[in-house]
Participant: 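Below are the structure tokens for one structure; questions will follow.
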Amino acid sequence: MTANTVLADLRKRLSIIKDAHVVTIPPPPVQGLGSAGGFKLMLEDRGGLGSQALVRAANALVDAANKDPDFAGVFTLFNAGSPSVYADIDRLKAEKVGLTPTDVFSTLQVYLGSQYVNDFNYLGRTYEVIVQANGQFRRTPQDITRLKVRNASGEMVPIGSVAQLRDRTVPYRVPRYNLFPAAEVQGVAAPGVATGTALHRMEELAHQVLPRGIAFEWTDLAYQQQQRGTPTIPFR
């Protein structure tokens, strides 16, 4: 009984779950270096293609790698399917009623995201004052359009009169690597396949499937392994 045989048995049993993608990762090759083994690379959107193009590139690379016998499992946690509400502000109309985009954004921040006001002391303890709209008044997009902003004349203007709310899907988080929007791709070499062989094959697949404008770089242990030789300090 070894770790590889246990993982192989787990992969076989878990593969029948149709509604989930389960990935089993072996322990790190050197105890204490991280919590899991395998490799990790970062796809970088250097061409400004956007999140949708980045997730398509990540999924294409994952699909290609999972068809290759050199890998036991490759996956990405990056996705662009989280629901969101986009506020499209009509700048010209807002200016006509005495509002600026900053006024609208500040109101949305206070009512929806809360804002710190100050502290006060009571019975020897310090309490924070946080303002935010009650839940029943910020539950739907229609509720948001009824929130009001004070304009330059002191009048209260509904947000719905200067902004349209639209449903969109976006990434729930956008990691960055070397300042570029990035997506993580992680994987494990198949049993009996050297890590160096898996990394070399992954680079070949990346050059084949990644579109122009999407680059990749190794990170974590894979980055260390890709370094050639031992860095030394030159002496004169």
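Sequence positions, counted from 1, serve as the residue numbers for this chain. As the structure is a computational prediction, the values presented were derived from the model and not from experiment.
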Participant: Report yes if some heavy atom in the side chain of Asn151 is under 4.5 Å from a heavy atom in the side chain of Asp103; otherwise report no.
Facilitator: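 No - every pair of side-chain heavy atoms lies 4.5 Å or more apart.
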Participant: Where is the tightest heavy-atom contact between Leu43 and Leu54, given as atom of each residue plus distance?
Facilitator: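 Nearest pair, atom of Leu43 first, then Leu54: O-CD1, 3.9 Å.
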Participant: Is there a donor-acceptor pair closer than 3.5 Å between any side-chain N or O of Asp45 and the backbone N or O of Gly50?
Facilitator: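 Side chain of Asp45 to backbone of Gly50: a pair is present.
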Participant: Within the structure provided, determine whether Arg56 and Gln52 are in side-chain contact (heavy-atom separation under 4.5 Å).
Facilitator: yes
Participant: Do Asp143 and Thr140 have side-chain atoms, one donor and one acceptor, less than 3.5 Å apart?
Facilitator: yes
Participant: Checking Arg201 now: which residues fulfil salt bridge (charged side-chain N to carboxylate O under 4.0 Å, His left out) with it, not counting sequence neighbours?
Facilitator: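 Testing Arg201 for salt bridge (charged side-chain N to carboxylate O under 4.0 Å, His left out), a comparison that skips the adjacent residues, returns Asp68, Glu204.
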Participant: Please list all pairs passing the salt bridge (charged side-chain N to carboxylate O under 4.0 Å, His left out) test where one or both residues lie in residues 113-140, with sequence neighbours left out.
Facilitator: none
Participant: What pair of heavy atoms forms the shortest contact from Gln132 to Gly113, and how long is it?
Facilitator: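 Minimum heavy-atom contact is NE2-C, 3.9 Å.
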Participant: Who are the side chain to side chain contact (heavy atoms under 4.5 Å, CB included) partners of Thr76, not counting sequence neighbours?
Facilitator: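 Thr76 satisfies side chain to side chain contact (heavy atoms under 4.5 Å, CB included) with Ala58, Asn59, Val62, Phe78, Val185 only.
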Participant: Hey, does Thr145 have a side-chain heavy atom less than 4.5 Å from the side chain of Ile159?
Facilitator: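 No. Closest side-chain heavy atoms not under 4.5 Å.
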Participant: Hey, what else clusters with Leu179 if you join Ile, Leu, Val, Met, Phe, Trp, Tyr whenever side-chain heavy atoms sit under 4.5 Å?
Facilitator: none
Participant: Would you indicate whether the side-chain heavy atoms of Met42 and Asn178 approach each other to under 4.5 Å?
Facilitator: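 No, their side chains stay 4.5 Å or more apart.
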Participant: Can you pull out every salt bridge (charged side-chain N to carboxylate O under 4.0 Å, His left out) where at least one residue sits in residues 153-177? Sequence neighbours excluded, please.
Facilitator: Asp88-Arg166, Arg173-Glu184
Participant: Taking ring-ring contact (aromatic ring centres under 6.0 Å, His included) as the test, write out the residues that go with Phe71, two or more places apart.
Facilitator: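 Phe71 satisfies ring-ring contact (aromatic ring centres under 6.0 Å, His included) with Phe39 once adjacent residues are dropped.
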Participant: State, to 0.1 Å, how close Ala87 and Leu108 come at their nearest heavy-atom pair, and which atoms those are.
Facilitator: CB-CD1, 4.4 Å
Participant: Kindly indicate whether the side chain of Leu61, heavy atoms from C-beta on, has any atom under 4.5 Å from the side chain of Met202.
Facilitator: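 Side-chain contact under 4.5 Å: yes.
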Participant: Considering residues at least two apart in sequence or located in another chain, which fulfil the side-chain hydrogen bond (donor to acceptor under 3.5 Å, both in side chains) criterion with Arg212?
Facilitator: none
Participant: Give a yes or no on whether Tyr86 and Val104 share a hydrophobic cluster (residues Ile, Leu, Val, Met, Phe, Trp, Tyr; joining criterion: side-chain heavy atoms under 4.5 Å apart).
Facilitator: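 No, it is not one cluster - the side chains of Tyr86 and Val104 are not joined through contacts under 4.5 Å.
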Participant: Heavy-atom count check: over 12 atoms from other residues, nucleotides or ligands less than 6.0 Å from Tyr122 OH?
Facilitator: no
Participant: Among Ile, Leu, Val, Met, Phe, Trp and Tyr joined by side-chain contacts under 4.5 Å, find the other residues sharing a cluster with Ile130 and list them by chain and number.
Facilitator: Tyr116
Participant: Among pairs that include at least one residue of residues 41-68, which meet ring-ring contact (aromatic ring centres under 6.0 Å, His included), considering only residues two or more places apart or in two chains?
Facilitator: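 Qualifying pairs: none.
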Participant: More than 12 heavy atoms of other residues, nucleotides or ligands under 6.0 Å from CD of Glu203: is that the case?
Facilitator: yes
Participant: Answer with yes or no whether the hydrophobic clustering places Ile144 together with Val110; edges join I, L, V, M, F, W, Y residues whose side-chain heavy atoms lie under 4.5 Å apart.
Facilitator: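 Different clusters: Ile144 never reaches Val110 through Ile, Leu, Val, Met, Phe, Trp or Tyr contacts under 4.5 Å.
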Participant: If you link ILVMFWY side chains whenever their heavy atoms are less than 4.5 Å apart, which other residues fall into the same cluster as Tyr172? By chain and number, please.
Facilitator: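 For Tyr172, no cluster forms, as it stays isolated from other hydrophobic side chains.
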Participant: Under the ring-ring contact (aromatic ring centres under 6.0 Å, His included) rule, collect the residues that match up with Phe216, sequence neighbours excluded.
Facilitator: His207
Participant: Clusters formed by hydrophobic residues whose side-chain heavy atoms approach within less than 4.5 Å: which one holds Val170, and what are its other members?
Facilitator: none
